[in-house]
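First the structure, in the form of structure tokens, and then the observations on it.
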Amino acid sequence: MPKRNDLEQKALHYVVGTGYQGVLQSDLWRELGASSREGSRVSIKLEEKGLVRREKELQEGRWTYRLYPKRLPASIETIVDCPCLLCPDNARCDPTTALSPKSCPKLTDWILNLGKPPAPTIAAPEDPSAPAELSIPEDDSVAESLDT
Ligand code: SF4
């Protein structure tokens, strides 16, 4: 049987790898080859340390927990759609001037939508001669993101 600290490290690494989807506690312990009893102890320990969040979930008629990482490693994907990267005002934007990230609606919208699913995009048609399908969201998020 692996030492508890090793198991905690492996469990945390696995949970972080699941990102926003999280992982069912039972699937995690199966993956790590631990017993459910040991797994429950380690999962509670990780929650007490503030490293994971546990949410109750009903799976096939039984209550279990889904574990989510509280922190995710930074990656380029997390900022690739930041409006500042392609902003024509980027060179003039400064927190000490009127054109400031402190009051920028584009940046504020982007921050407020972090972690939400991406806006729908135009799907490429299978038949190149057919018109592209566009799914229209119920809110104006796409239109607003296209505003400059
Ligand atoms: S904070 Fe706003 S104005 Fe400044 S660079 Fe970013 S998008 Fe442009």
Side-chain angles (χ1 to χ4, degrees), residues 2 4-34 39-60 63-148:
R4 190 175 302 169
N5 268 355
D6 292 346
L7 201 54
E8 277 182 37
Q9 284 301 315
K10 285 181 186 168
L12 180 60
H13 188 261
Y14 192 87
V15 174
V16 167
T18 64
Y20 294 109
Q21 279 194 320
V23 61
L24 288 176
Q25 195 166 282
S26 52
D27 291 344
L28 175 62
W29 307 133
R30 206 170 299 123
E31 187 69 33
L32 298 177
S40 292
R41 269 198 225 121
V42 171
S43 126
I44 291 168
K45 205 78 174 159
L46 291 174
E47 186 179 43
E48 286 173 355
K49 289 181 177 178
L51 299 170
V52 301
R53 174 171 51 91
R54 294 193 319 149
E55 281 187 10
K56 247 182 164 181
E57 187 171 310
L58 193 59
Q59 275 290 322
E60 296 169 6
W63 285 103
T64 182
Y65 286 96
R66 184 175 290 272
L67 307 178
Y68 298 92
K70 281 216 169 168
R71 289 188 183 169
L72 291 172
S75 68
I76 194 71
E77 286 80 25
T78 60
I79 61 159
V80 79
D81 59 347
C82 174
C84 302
L85 298 179
L86 295 175
C87 178
D89 297 321
N90 190 307
R92 296 184 301 122
C93 185
D94 186 299
T96 61
T97 64
L99 186 61
S100 165
K102 292 180 188 173
S103 58
C104 175
K106 288 185 287 186
L107 185 59
T108 302
D109 283 352
W110 179 74
I111 291 169
L112 292 176
N113 287 311
L114 283 174
K116 292 183 182 169
T121 56
I122 298 172
E126 288 180 19
D127 174 5
S129 63
E133 281 184 35
L134 175 64
S135 78
I136 301 172
E138 291 183 23
D139 62 16
D140 290 335
S141 58
V142 173
E144 287 169 7
S145 71
L146 296 174
D147 287 344
T148 53

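Counting starts at 1 for both ligands and their atoms, following the listed order. This is a predicted model, so every value here is computed, not measured.
Side-chain N or O atoms of Arg54 include none that pairs as donor or acceptor with a backbone N or O of Leu46 at under 3.5 Å. Looking only at distances, no side-chain donor or acceptor of Ser100 sits under 3.5 Å from a matching main-chain atom of Thr96.
For ligand 1 and Asn90, the ligand atoms under 4.0 Å from any heavy atom of the residue are 5 (S). The Cys93 neighbourhood of ligand 1 comprises atoms 1 (S), 3 (S), 4 (Fe), 5 (S), with distances under 4.0 Å to a heavy atom of that residue. Remark: ligand 1 atoms within the under-4.0 Å shell around heavy atoms of Pro101 are 1 (S). Heavy-atom contacts of Cys87 reach the following atoms of ligand 1: 3 (S), 5 (S), 7 (S), 8 (Fe) (cutoff under 4.0 Å). Atoms of ligand 1 lying under 4.0 Å from at least one heavy atom of Cys104, given by number and element, are 1 (S), 2 (Fe), 3 (S), 7 (S).
At a threshold of 2.8 Å, atom 2 (Fe) of ligand 1 has no backbone or side-chain N, O or S atom of Cys84 nearer than that distance.
Residues Thr64 and Gln59 bring no donor and acceptor atom of their side chains to less than 3.5 Å of each other.
Using a 4.5 Å heavy-atom threshold, the side chains of Leu72 and Tyr20 count as touching. Here the side chains of Val52 and Glu47 are in contact, with some heavy-atom distance below 4.5 Å.
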